[in-house]
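Notes to accompany the following structure.
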Amino acid sequence: MRAHTAYLTFTTPARRQFVRITDDVQRAVDESGIDEGMVLVSAMHITAAVYVNDWENGLIHDFQVWLEKLAPSGLDYRHHQTGEDNADAHLKRTLMGHQVILPITNGTLDLGPWEQVFYAEFDGRRKKRVVVKVMGE
Amino acid sequence: MRAHTAYLTFTTPARRQFVRITDDVQRAVDESGIDEGMVLVSAMHITAAVYVNDWENGLIHDFQVWLEKLAPSGLDYRHHQTGEDNADAHLKRTLMGHQVILPITNGTLDLGPWEQVFYAEFDGRRKKRVVVKVMGE
Amino acid sequence: MRAHTAYLTFTTPARRQFVRITDDVQRAVDESGIDEGMVLVSAMHITAAVYVNDWENGLIHDFQVWLEKLAPSGLDYRHHQTGEDNADAHLKRTLMGHQVILPITNGTLDLGPWEQVFYAEFDGRRKKRVVVKVMGE
């Protein structure tokens, strides 16, 4: 068994921003030399998400509107008594999920035709990391 | 380390339908010959979910009503400007999660007494796939 | 490849209670002797969650209020026709997620500065289990 670890870093210009990272994950798989296994892609910060869905700007807009409806910013969250103002970012990232595992078959991410991996930032403008852990043979 | 890959296919008669797949996943584990490890079960289409919960028709009904409340169909989603009409299916699958990992101990899915694996289709009536990747020793 | 399986047990005094388990997971990794790999932490009961987020009591309070808003208790759920009264617990655990996978690098959970692992109980006061499956080299 082999393991390979890579870290992606993001400093998004906008506070909320979605970034496609499918190719970055495939690159880590290529570096690992692993042909059969799995790769974990996981946000290391707790106000960001990693998810798999469509690479279509309309849907990405819909996600953002929907997340604001289900987990609104600007409410009087108890978390804000610590001086933070980002409780909604913690909730939004929970709805989207903070990690995915992708199967690797014949050295390639074994994805369906429309599956794309995204990093979703809900409290950006500062350096954040995603860990990519490849495991297999 | 060994790896084994299987694909499950679904063409559900209804647009929205939940299908229990615990036995299909165990079958892939049996085929793999793996005794200790993990199995990833992941929807390859972005309007379907894979989740673990109760095999009880009342609760499955409750899930469907709840998902329609939190992620309604029929709204004026921006994604629909592409000609699609399934933005709600993308949101519903996000709430349910699109993948699970199950531990394998002594060749068997190491599940609690009520844990069952389900495929949840939100835009069916066409062929969809789920990847089952078994990894271990 | 090595695999190691541990089970955590919980009987929370309150029906709903969040418990930090990061150190319990690291202990299972230590026991395994695995330096490079992954560890799956998964609730074996379907009214409990396992998630990664902040160790801050205000935010934990916010999560509980938010979950009650999105998945209220006391509604006339169809699941309750079986005699159960915990349909909302099944929904709440779905929002939080029932499992996480953590990367192991140099024998340690490879977590970001604020990442903590939590067990979230939504129907406690009875014995529940979490499986911890470590896999790697």
Side-chain angles (χ1 to χ4, degrees), chain B residues 1-3 18 22 34-42 49-71 91-118 120 134-137, chain C residues 1-7 9 28 32 37-51 67 69-72 75-102 123 127-137:
Chain B
M1 202 216 73
R2 298 166 69 167
F18 286 29
T22 316
I34 288 170
D35 281 329
E36 288 291 324
M38 297 180 192
V39 52
L40 168 69
V41 188
S42 190
V50 171
Y51 73 96
V52 166
N53 218 305
D54 207 359
W55 186 15
E56 198 279 297
N57 283 336
L59 187 71
I60 289 171
H61 173 84
D62 293 330
F63 266 123
Q64 288 170 334
V65 169
W66 178 69
L67 289 167
E68 186 60 26
K69 195 173 74 177
L70 292 190
L91 304 182
K92 287 177 168 96
R93 93 84 170 241
T94 301
L95 287 171
M96 296 304 287
H98 86 283
Q99 59 180 199
V100 297
I101 304 252
L102 309 173
I104 303 163
T105 306
N106 298 323
T108 304
L109 297 176
D110 197 346
L111 298 175
W114 306 104
E115 285 190 286
Q116 295 281 347
V117 192
F118 285 88
V134 196
M135 212 173 121
E137 202 75 79
Chain C
M1 203 215 72
R2 299 166 68 168
H4 174 70
T5 314
Y7 303 92
T9 56
S32 74
M38 296 180 192
V39 52
L40 169 68
V41 188
S42 191
M44 299 185 81
H45 293 259
I46 55 188
T47 50
V50 170
Y51 74 95
L67 289 167
K69 196 174 73 176
L70 292 191
L75 297 191
D76 187 23
Y77 291 108
R78 181 121 11 133
H79 184 49
H80 295 174
Q81 295 180 8
T82 63
E84 294 283 359
D85 67 348
N86 61 3
D88 70 295
H90 292 273
L91 305 182
K92 287 178 169 95
R93 94 83 168 242
T94 300
L95 287 172
M96 296 305 287
H98 85 284
Q99 59 181 199
V100 297
I101 305 253
L102 309 173
D123 190 21
K127 193 181 160 194
K128 304 277 196 84
R129 290 200 302 164
V130 164
V131 58
V132 181
K133 190 97 192 181
V134 195
M135 211 173 124
E137 203 75 77

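Proteins get letters first, then strands, A, B, ... in listed order; numbering begins at 1 in each.
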Practice task
Please say which of B/Val39, B/Asn53, B/Val50 ends up in a side-chain contact (heavy atoms from CB on, under 4.5 Å) with B/Val117.
Solution key: B/Val50
Practice task
Heavy-atom distances under 4.5 Å only: say whether C/Thr94 touches chain B with side chain, backbone, both or neither.
Solution key: both
Fill in the blank from the handout: When C/His79, C/His90, C/Arg78 are each screened for side chain to side chain donor-acceptor pair (under 3.5 Å) with B/Glu56, the one that passes is C/His79
Fill in the blank from the handout: Okay, B/Leu102 and chain C: the region with an atom under 4.5 Å from a heavy atom over there is backbone
Handout entry: Part of C/Ala43 within contact of chain B (heavy atom distance under 4.5 Å)
Key = backbone
Problem - Which portion of B/Trp66 sits near chain C, non-hydrogen atoms under 4.5 angstrom - result: side chain
Problem - C/Thr47 vs C/Lys128, side chain to side chain donor-acceptor pair (under 3.5 Å): CA-CA, chis, key distance, verdict - result: CA-CA 10 Å; C/Thr47 50; C/Lys128 304 277 196 84; 3.0 Å; yes
Exercise for the section: Look up atom CD1 in B/Ile60 and atom CZ in B/Phe118, then write down how far apart they are to the nearest 0.5 Å. Expected result: 4.0 Å
Handout entry: Structural part of B/Val100 lying under 4.5 Å from a heavy atom of chain C
Key = both
Completion exercise
Greatest number of non-hydrogen atom pairs under 4.5 angstrom with chain B, of C/Arg2, C/His98, C/His4, C/Gln81, falls to C/His98
Practice task
Look up atom CE in C/Met1 and atom CD1 in B/Ile34, then write down how far apart they are to the nearest 0.5 Å.
Solution key: 8.0 Å
Exercise for the section: Indicate yes or no for a side-chain donor-acceptor contact from C/Lys127 to the backbone of C/Thr9 under 3.5 Å, with no hydrogens or angles considered. Expected result: no
Fill in the blank from the handout: Comparing B/Glu137, B/Glu36, B/Lys69, B/Glu115 against chain C, the one with the most heavy-atom pairs below 4.5 Å turns out to be B/Glu115
Handout entry: Max heavy-atom pair count under 4.5 Å with chain C, selected residue of B/Leu95, B/Ile101, B/Val52
Key = B/Ile101
